[in-house]
Every structure is written in structure tokens, then in C-alpha cells.
Novice: 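Take this structure, written in C-alpha cells, and hold onto it; I'll ask about it next.
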Amino acid sequence: MASEREVFGLSGPLHLTNIDWKNAHHRRSVAASLVEGVYILERDRQEKREGSQALAPPWWEFFHFKLVRKLIDDVDFCIFGAIYEYKPPSSHCNDSIVSIDGNPRYVIAFRGTITKPDSFTRDFELDIHIMRNGLHQTSRFEIGMQAVRNMVGTVGASNVWLAGHSLGAAMAMLAGKTMAKMGNFLETFLFNPPYLSAPIERIKDKKVKHGIRIAGSVITAGLALAARGKNPRSRSEDPFSALSAWTPSLCVNPADHLCSEYIGYFEHRKKMEEIGAGAIERLATQHSLGGLFMSVVGKGVEAAEPLHLLPSANLTVNLSPSNDFKQAHGIHQWWRPDLNLKCSLYKFK
């Protein structure tokens with residue numbers, strides 16, 4: 001039996017009858033709904049819901065999108081992503097669509113982990129790859145990345161959005177980073193992306209929390225300088241600055257320990273600037289302690305850069321109370337009309 005959360009008419013953003021593509025809430029809500037559409041596509045597949053029984057289509061059709069392609073994992077054949085095309089009826093161009101400026105032509109969306117037997121094993125395997133900083137080596141990511149490359153090559157970066165939740169946000173983040181390094185800056189929505197770090201943000205005492213972050217920055221910057229000494233080539237390479245022009249929309253909840261550390265990651269950078277230690281933090285924010293330690297001791301020099309490190313972001317924090325972790329980490333929160341949000345723009349300089 002279908003869950004109420006899967007039915008668009010019961011849990012979708014029905015209040016968004018007039019989409020203004022210049023409105024941040026509308027853009028975020030549509031992106032989140034398209035990601036939910038991928039979740040329900042896979043659930044429809046698992047439950048063998050077809051035709052009129054399928055629950056996924058309203059999640060994109062309500063906003064005048066058409067499903068162009070399902071992205072299928074080559075290991076367990078689950079649906080992990082989808083490509084949507086925006087196809088507003090001509091009769092709606094002057095009426096229900098307040099503004100078509102800023103609308104996407106295509107959206108590539110990735111779902112997160114589904115805790116059902118048909119897909120959980122493979123999803124969990126991908127979660128482990130994220131923990132090991134090896135998502136870029138997986139066939140699922142390469143399938144998704146190839147879809148992004150092809151779409152951008154066909155219609156241009158300005159016409160393509162990326163969106164993802166949890167594991168899917170990690171996919172979208174890595175795809176967005178990869179394209180940004182080639183000079184293609186895609187509009188990207190990252191919902192509850194995993195940040196692999198000790199949960200410092202959950203410490204209530206602000207002085208203790210700030211002290212731990214300062215100590216971590218000093219140690220990280222020191223190890224970064226040591227790593228540069230061992231690898232002179234890295235002194236001339238600055239991929240972090242090259243990525244700084246890409247500013248994804250990063251949506252996190254402080255009650256979600258999987259992503260809440262992004263709040264401290266960006267706020268700490270601002271505080272270090274205020275106390276005159278900006279140079280230390282600019283170096284520290286580009287590195288993770290684990291990766292640096294392995295480089296200094298002579299291992300993992302060629303390892304990929306940590307996925308969770310971002311130079312710039314439009315950070316949206318949902319300060320609305322959450323009943324539990326499931327609600328704090330869920331995709332449904334991002335289209336509620338009554339959210340208490342704190343929005344901040346962070347640009348790496």
C-alpha cells in the first residue's frame with residue numbers, strides 16, 4: 001500500500017499554482033519535488049505500479065515538466081536519477097507562469113538512499129564510497145556524469161539544472177564540481193548533502209565550538225603547508241579558486257547531523273576573517289585533516305579532493321523545529337510554505 005508521503009495530492013506543494021522562476025522558494029520547491037519524483041519512480045518500479053497506478057508523474061507534471069529519461073544503475077538496475085524537460089503549455093505562458101525568466105529547460109535529478117530491499121544494498125554501497133571519498137570511481141556516478149555532460153554539450157550549461165537529496169546531493173555536487181572545473185557553472189540544488197566530519201555543530205556551548213574550530217583550522221593549515229612542501233607541483237595548482245565562481249544552493253537542517261556541519265563550515269570562515277585569521281582559514285577550508293595526514297606521511301598523494309569541501313554556496317538553513325532525524329533529513333521539508341529559513345551567500349575570495 002502506498003505511503004501518504006508518496007502521493008503528490010496529499011504531500012506535494014499544491015500551493016504552488018503559479019510558479020515565479022525568480023522566486024527562491026518556488027525554485028527550491030520545484031527542484032525538491034523533481035527529486036522526490038525520482039524516489040517515487042523507483043518505488044513505482046519496486047511495487048510494480050504502472051499506468052494509472054503509478055504515483056510518480058504528478059511530481060513533475062504539476063509543474064509542466066516531462067520525463068525525458070530514467071537513469072538506471074548498471075548493477076541492480078534501480079532508478080537513481082531522471083532527466084526532465086520543462087514544457088509549459090502555450091496557454092500558460094501569460095497566465096499561470098508569472099515569469100519564464102530563469103526557468104530551466106532541463107533538470108537532472110538524483111535521489112538518495114531508499115531503505116527497501118530492492119535498492120538498499122546498492123545504495124548503501126554508494127554511501128560507503130562517499131565515506132571513503134570514492135564516489136567518483138563508481139559506475140553509478142559515471143552514468144549520471146555522462147548524462148550531465150551530454151545534456152550540457154547539447155543545450156548549454158545555462159539551460160541545465162542539477163538537483164539531488166542526500167546521496168543524490170553528493171552525486172549532484174560532484175557532477176557540478178566536475179562541470180565547474182571545465183568552466184560550466186550549472187544551477188544546482190543540494191538538499192541535505194552529507195558532510196563527513198565530527199558533529200561539532202551540535203555542541204551547544206558557542207565558545208567551546210568556536211575554540212575547536214580554530215584549533216582544527218590551525219592544524220589543517222599547518223598540514224596543508226607541509227603537504228605543499230612535499231608536493232611542489234601543488235603550489236601552482238588552485239582548483240578551489242577555480243571552483244569559486246560556482247555557487248550551488250545548499251539546503252541544510254541543523255537537526256540533521258549528516259549535513260549540519262556545513263553551517264559551521266561557512267560561518268567559521270566568516271568569523272576567522274573577522275578576527276584577522278582569514279589567511280589561515282582560506283588555506284584550511286580547502287582541505288580535510290584525513291586527506292592531508294595521508295599526504296604528509298606519503299600515502300594518498302593522488303587521492304581525490306574531499307567531496308564535501310565547497311568554495312562558495314547560497315546556504316539555506318531550515319530553522320523550523322523537526323520532530324526527529326527523519327523529518328530533519330527528509331526532502332519534504334523543502335517545499336513547505338511556512339518554513340523559518342536563514343539564507344546566506346558565501347563567496348570564496
Side-chain angles (χ1 to χ4, degrees), residues 2-44 55-67 81-82 84 86 88 92 96-100 102-104 106-114 161-169 172 187-193 248-256 258-260 262 313-343:
S3 161
E4 179 180 307
R5 294 170 64 82
E6 296 178 323
V7 181
F8 182 84
L10 298 177
S11 61
L14 295 172
H15 60 283
L16 291 180
T17 53
N18 299 307
I19 301 299
D20 177 0
W21 290 106
K22 294 181 179 179
N23 183 298
H25 171 64
H26 289 197
R27 291 158 70 90
R28 184 185 66 250
S29 298
V30 172
S33 296
L34 295 179
V35 173
E36 177 69 358
V38 183
Y39 276 106
I40 310 306
L41 271 171
E42 172 57 16
R43 291 293 293 133
D44 280 347
L55 297 178
W59 288 96
W60 57 81
E61 291 176 350
F62 185 82
F63 306 107
H64 307 300
F65 281 86
K66 172 187 175 183
L67 178 64
Y84 303 101
Y86 183 53
H92 283 66
S96 69
I97 304 299
V98 175
S99 170
I100 60 172
N103 66 278
Y106 293 90
V107 178
I108 303 176
F110 304 101
R111 66 163 176 83
T113 302
I114 294 180
W161 284 13
L162 300 178
H165 173 249
S166 193
L167 164 60
E187 182 89 17
T188 305
F189 294 84
L190 307 172
F191 301 103
N192 305 80
S249 295
L250 181 61
C251 302
V252 302
N253 189 313
D256 176 6
L258 292 181
C259 69
S260 63
Y262 274 109
N314 237 317
L315 180 66
T316 298
V317 181
N318 181 10
L319 299 175
S320 305
S322 299
N323 295 326
D324 50 31
F325 167 75
K326 185 176 181 180
Q327 185 179 27
H329 188 66
I331 187 72
H332 286 64
Q333 66 184 297
W334 297 113
W335 58 71
R336 282 175 47 192
D338 57 346
L339 292 177
N340 177 17
L341 300 177
K342 178 183 178 182
C343 302

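Residues take their numbers from the sequence shown, with the count starting at 1. Remember, predicted model here, so these are calculated numbers, not experimental data.
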Novice: What is the distance from atom SG of Cys251 to atom CG of Asn192, rounded to the nearest 0.5 Å?
Specialist: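 It is 8.0 Å, given to the nearest 0.5 Å.
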Novice: Residues two or more places apart in sequence or in another chain: which of them pass side chain to side chain donor-acceptor pair (under 3.5 Å) with Thr316?
Specialist: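 With sequence neighbours excluded, Thr316 shows a side chain to side chain donor-acceptor pair (under 3.5 Å) to no residue whatsoever.
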Novice: Under 30°, 30 to 60°, or over 60°: which ring-plane class applies to Trp60 and Tyr84, parallel, tilted or perpendicular?
Specialist: tilted
Novice: Checking side-chain contact (heavy atoms from CB on, under 4.5 Å) for the pair Arg43/Leu55: CA distance, chi angles, key distance, verdict?
Specialist: CA-CA 9 Å; Arg43 291 293 293 133; Leu55 297 178; over 6 Å; no
Novice: What class does the angle between the rings of Trp59 and Trp335 fall in, given that below 30° is parallel, 30 to 60° is tilted and above 60° is perpendicular?
Specialist: tilted
Novice: Passes side-chain contact (heavy atoms from CB on, under 4.5 Å), Leu339 versus Leu319? Steps please.
Specialist: CA-CA 8 Å; Leu339 292 177; Leu319 299 175; over 6 Å; no
Novice: Would you say the rings of His15 and His26 are close, in the sense that their centroids are separated by under 6.0 Å?
Specialist: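 Here the rings of His15 and His26 have centres that are no less than 6.0 Å from each other.
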Novice: Tell me, please, which residues at least two apart from Gln333 pass side chain to side chain donor-acceptor pair (under 3.5 Å).
Specialist: Asn253, Asn318
Novice: Taking it one step at a time, do Trp161 and Leu34 satisfy side-chain contact (heavy atoms from CB on, under 4.5 Å)?
Specialist: CA-CA 11 Å; Trp161 284 13; Leu34 295 179; over 6 Å; no
Novice: Only counting residues at least two apart or in another chain, list the ones meeting salt bridge (Lys or Arg N to Asp or Glu O under 4.0 Å) with Asp338.
Specialist: Arg336
Novice: Would you sort out whether Asp256 and His329 count as a side-chain hydrogen bond (donor to acceptor under 3.5 Å, both in side chains), showing the intermediate values?
Specialist: CA-CA 5 Å; Asp256 176 6; His329 188 66; 2.6 Å; yes
Novice: Apply side chain to side chain contact (heavy atoms under 4.5 Å, CB included) to Ala313 and list each qualifying residue two or more places apart in sequence or on a separate chain.
Specialist: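 Applying side chain to side chain contact (heavy atoms under 4.5 Å, CB included) to Ala313 gives Leu250, Phe266.
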Novice: Using a strict cut-off of less than 4.0 Å between a Lys/Arg side-chain nitrogen and an Asp/Glu carboxylate oxygen, indicate whether Arg5 and Glu36 qualify as a salt bridge.
Specialist: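 Answer for the salt bridge query: no.
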Novice: May I ask you to decide if the ring planes of Phe65 and Trp21 are parallel, tilted or perpendicular, using 30° and 60° as cut-offs?
Specialist: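 It falls in the perpendicular class, over 60°.
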Novice: What pairs with Tyr39 under side chain to side chain donor-acceptor pair (under 3.5 Å), at least two apart in sequence or on another chain?
Specialist: His165
Novice: Working note: Leu190 + Tyr262, criterion side-chain contact (heavy atoms from CB on, under 4.5 Å); need CA distance, chi angles, decisive distance, verdict.
Specialist: CA-CA 12 Å; Leu190 307 172; Tyr262 274 109; over 6 Å; no
Novice: Just jot down the salt bridge (Lys or Arg N to Asp or Glu O under 4.0 Å) partners of Lys66, sequence neighbours excluded, or say none.
Specialist: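 Partners of Lys66 by the salt bridge (Lys or Arg N to Asp or Glu O under 4.0 Å) criterion come out as none, since no residue qualifies.
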